Amino acid sequence: MNAVPARHAGRDGRQKLERSFFAPLDAFAINEQLPHKQEGRIYRPYLSEFWSWMERDVLADDISRAVEFLEKRPDDDERVHRVAAVLRKKAGEALTGILEDCTASEREQRRLKMMLGGERALQDLADVAKVFKAEPWLRAFLRRIPDTLSERALKQDRDILDLVSAYATRHPQDVPVIAAAMLDRAEAPWSLGPFAERLAKVRGARWLTKTRYAPFASIVISEVERLHLLAHEHRKNNPDPVGFAAALSAYVCVVKGVELDMDLTGADQWRSRIAETRRSISGAVADELSGAAGAVRRALLVPKAGEPGENRPDEAALDAVLDAAVRALRVLDLSRSAAEVLAVNEAGKRARQSVEQTLEIISRSLISDLGKAKGAQKEAVASAAEAAILLSEICFGQEYAALLRRSRQSAMAAAA
């Protein structure tokens with residue numbers, strides 16, 4: 001077996017060490033950059049920048065020696081974890097000192113912002129330092145709570161309430177860290193709002209905002225913001241026809257939960273943050289709905305027999321057009337069930353009427369044409385009819401789709 005070249009071993013060793021070094025941040029790191037900084041949540045892409053900076057300016061000798069030490073046994077994961085833990089402790093101490101210098105010197109703060117990528121990066125670095133410093137007691141805390149926190153546990157369980165209360169009293173400056181760790185394990189994120197009210201012994205966000213437990217509710221609002229960004233990301237970049245609808249559904253679910261479980265009267269900032277996401281996501285949904293009927297028509301077009309082969313769409317193109325129609329119908333269906341969250345009632349009604357008329361007319365026409373078409377053209381019509389049945393099942397339900405399938409079979413049998 002050929003030996004791994006030294007330069008590759010060194011690169012792999014650094015990557016392993018970096019992953020292990022940041023492992024305690026997994027519960028706090030997110031892939032979406034929130035519109036408002038939420039203490040306890042760290043933008044994951046910053047971590048590689050922080051590592052490069054620490055490797056260059058903060059722990060250069062320590063990281064170099066650690067990589068050299070790990071190269072001797074590159075497959076020993078336990079050794080990697082032990083070395084990473086030592087580095088984290090050193091990094092926590094170094095970062096605390098650097099951040100204190102930034103607080104004392106505006107010039108030093110500006111310099112570090114320029115190096116790291118701005119104000120938000122510096123704020124996230126402070127969160128990294130907090131988690132590293134909290135690691136000893138945070139590890140013990142996380143071992144004592146379930147891996148999955150049910151809605152019932154957060155709303156009724158007394159043991160978890162007492163445990164969190166004890167740790168929050170012992171580490172009051174780290175309540176946002178505790179809240180973020182619990183959000184990572186919560187089945188129903190919105191239930192952290194009532195949990196915070198139980199901790200603070202108040203009812204209503206107006207009073208909760210004045211307590212040290214406010215971060216438990218604020219972090220739920222940040223989850224609304226994150227899911228809204230995730231939905232936009234799926235809309236733009238996910239080719240899966242149900243990806244956007246699924247992400248949108250997750251957003252709607254959390255917003256409904258927040259509004260059901262939390263009285264936001266008097267908490268204007270939290271209400272404003274949710275309203276921002278609503279306006280943004282409703283605009284995106286309205287755009288999707290405006291093109292829904294067109295997407296259905298394009299998915300059901302039948303190429304004419306005898307056209308040159310190069311003018312016909314290939315299978316991948318046909319699949320993409322059908323996927324676009326499926327996506328439009330999924331979003332249309334969700335817009336109706338989520339009318340109280342998405343401000344698209346009129347757009348939804350217009351789109352549904354247009355889509356239903358389009359599907360009914362084209363489906364009947366395609367099934368009728370099955371009895372007339374011959375050869376290659378008949379295959380093309382049959383394929384379009386199958387697509388029409390698929391879309392009709394999404395729009396009208398299984399019974400209607402079954403009726404169309406029987407009509408199609410009758411038409412094909414009559415033409416045989």
Side-chain angles (χ1 to χ4, degrees), residues 6-34 37-74 76-139 142 171 173-174 176-178 180-181:
R7 65 179 181 276
H8 293 305
R11 182 183 61 199
D12 292 344
R14 273 182 166 79
Q15 290 174 346
K16 274 188 175 182
L17 182 60
E18 181 182 349
R19 285 195 297 271
S20 185
F21 178 82
F22 286 127
L25 301 178
D26 285 346
F28 307 93
I30 56 177
N31 295 321
E32 298 77 25
Q33 189 165 38
L34 301 174
K37 168 60 184 170
Q38 176 63 46
E39 192 174 354
R41 310 199 83 177
I42 300 163
Y43 185 44
R44 191 182 299 276
Y46 281 151
L47 296 182
S48 59
E49 299 297 326
F50 295 163
W51 175 261
S52 298
W53 168 67
M54 285 187 284
E55 188 176 15
R56 184 184 64 243
D57 296 338
V58 182
L59 298 174
D61 292 340
D62 295 284
I63 293 176
S64 181
R65 284 194 298 269
V67 171
E68 185 178 349
F69 175 69
L70 293 174
E71 283 176 359
K72 298 172 185 176
R73 288 162 61 183
D76 189 339
D77 290 339
E78 185 57 37
R79 174 183 276 206
V80 173
H81 296 329
R82 288 198 304 270
V83 171
V86 172
L87 278 178
R88 268 198 308 275
K89 186 175 180 181
K90 290 183 178 180
E93 295 169 353
L95 292 177
T96 298
I98 290 169
L99 291 168
E100 287 175 354
D101 290 343
C102 285
T103 302
S105 169
E106 188 175 330
R107 180 179 177 183
E108 183 61 22
Q109 186 178 117
R110 284 199 305 270
R111 186 187 71 82
L112 195 55
K113 284 179 186 177
M114 290 177 62
M115 293 177 65
L116 297 177
E119 175 74 23
R120 183 65 71 85
L122 182 58
Q123 291 172 334
D124 280 12
L125 181 67
D127 278 351
V128 170
K130 276 190 175 183
V131 175
F132 283 177
K133 188 176 180 181
E135 187 177 356
W137 65 260
L138 186 59
R139 192 186 306 116
L142 292 174
H171 308 282
Q173 72 283 2
D174 289 320
V177 172
I178 297 173

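Scope of the values below: all heavy atoms of this structure, side chains included, with no hydrogens, waters or symmetry mates. Just so you know, these numbers come straight off a predicted model, no measurement behind them.
- Checked by atom type and distance alone, the side chain of Arg88 never pairs as donor or acceptor with a backbone atom of Ala23 at under 3.5 Å.
- Here Glu93 contributes atom CD and Lys89 contributes atom NZ; the two are 6.0 Å apart, rounded to the nearest 0.5 Å.
- Between Arg14 and Glu55 a salt bridge is recorded (basic side-chain N to carboxylate O distance below 4.0 Å).
- Contact check for Leu59 versus Lys90: side-chain heavy atoms found under the 4.5 Å cut-off.
- Taking a 6.0 Å sphere around CD of Gln173, one finds it holds more than 12 heavy atoms contributed by other residues, nucleotides or ligands.
- Side chains of Ile63 and Trp51 form a contact here, defined as non-hydrogen atoms less than 4.5 Å apart.
- Rounding to the nearest 0.5 Å places CD of Glu119 at 10.5 Å from NZ of Lys37.
- The shortest distance between side-chain heavy atoms of Asp174 and Trp137 falls below 4.5 Å.
- Looking at Ser64, its side chain never comes within 3.5 Å of a backbone N or O of Ala60 through a donor-acceptor pair.
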(request) Please assess Phe28 against Phe22 for the test ring-ring contact (aromatic ring centres under 6.0 Å, His included), listing each intermediate value before the final yes or no. (result) CA-CA 10 Å; Phe28 307 93; Phe22 286 127; over 10 Å; no
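- Counting heavy atoms from C-beta outward, Ser48 and Glu18 have side chains that approach closer than 4.5 Å.
- Here the closest non-hydrogen pair linking Val177 and Lys130 is CG2-CB, 4.3 Å.
- For Ala66 against Leu17, the heavy-atom pair with the smallest separation is CB-CD2, 3.9 Å.
- Scanning both residues, Arg44 and Ala29, for their nearest heavy atoms gives NH2-O, 3.2 Å.
- Smallest separation of non-hydrogen atoms from Ala126 and Leu99: CA-CD1, 3.6 Å.
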(request) Given side-chain contact (heavy atoms from CB on, under 4.5 Å), test Leu25 with Glu135 step by step and report yes or no. (result) CA-CA 10 Å; Leu25 301 178; Glu135 187 177 356; over 6 Å; no
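- Rounding to the nearest 0.5 Å places CE of Met54 at 9.0 Å from CD1 of Ile98.
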(message) Evaluate Gln123 against Arg120 for side-chain contact (heavy atoms from CB on, under 4.5 Å), listing each step before the verdict.
(response) CA-CA 5 Å; Gln123 291 172 334; Arg120 183 65 71 85; 3.6 Å; yes
(request) Show your working on salt bridge (Lys or Arg N to Asp or Glu O under 4.0 Å) between Glu108 and Arg111 and close with a plain yes or no. (result) CA-CA 5 Å; Glu108 183 61 22; Arg111 186 187 71 82; 2.5 Å; yes
(request) Apply side-chain contact (heavy atoms from CB on, under 4.5 Å) to the pair Phe50 and Asp124, showing each step before the final yes or no. (result) CA-CA 10 Å; Phe50 295 163; Asp124 280 12; 4.2 Å; yes
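- Geometric assessment of Arg79 against the ring of Phe69 yields a positive cation-pi assignment under the 6.0 Å and 45° thresholds.
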(message) Applying side-chain contact (heavy atoms from CB on, under 4.5 Å) to Arg56 and Met115, what does each step give before you reach the verdict?
(response) CA-CA 11 Å; Arg56 184 184 64 243; Met115 293 177 65; 3.7 Å; yes
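- Here CD1 of Ile178 is found 7.0 Å from NE2 of His171. Values are rounded to the nearest 0.5 Å.
- A side chain to side chain contact (heavy atoms under 4.5 Å, CB included) with Leu125 holds for exactly one of Leu95, Leu47, Ile42; it is Leu95.
- A donor-acceptor contact shorter than 3.5 Å links the side chain of Asp127 to the backbone of Gly40.
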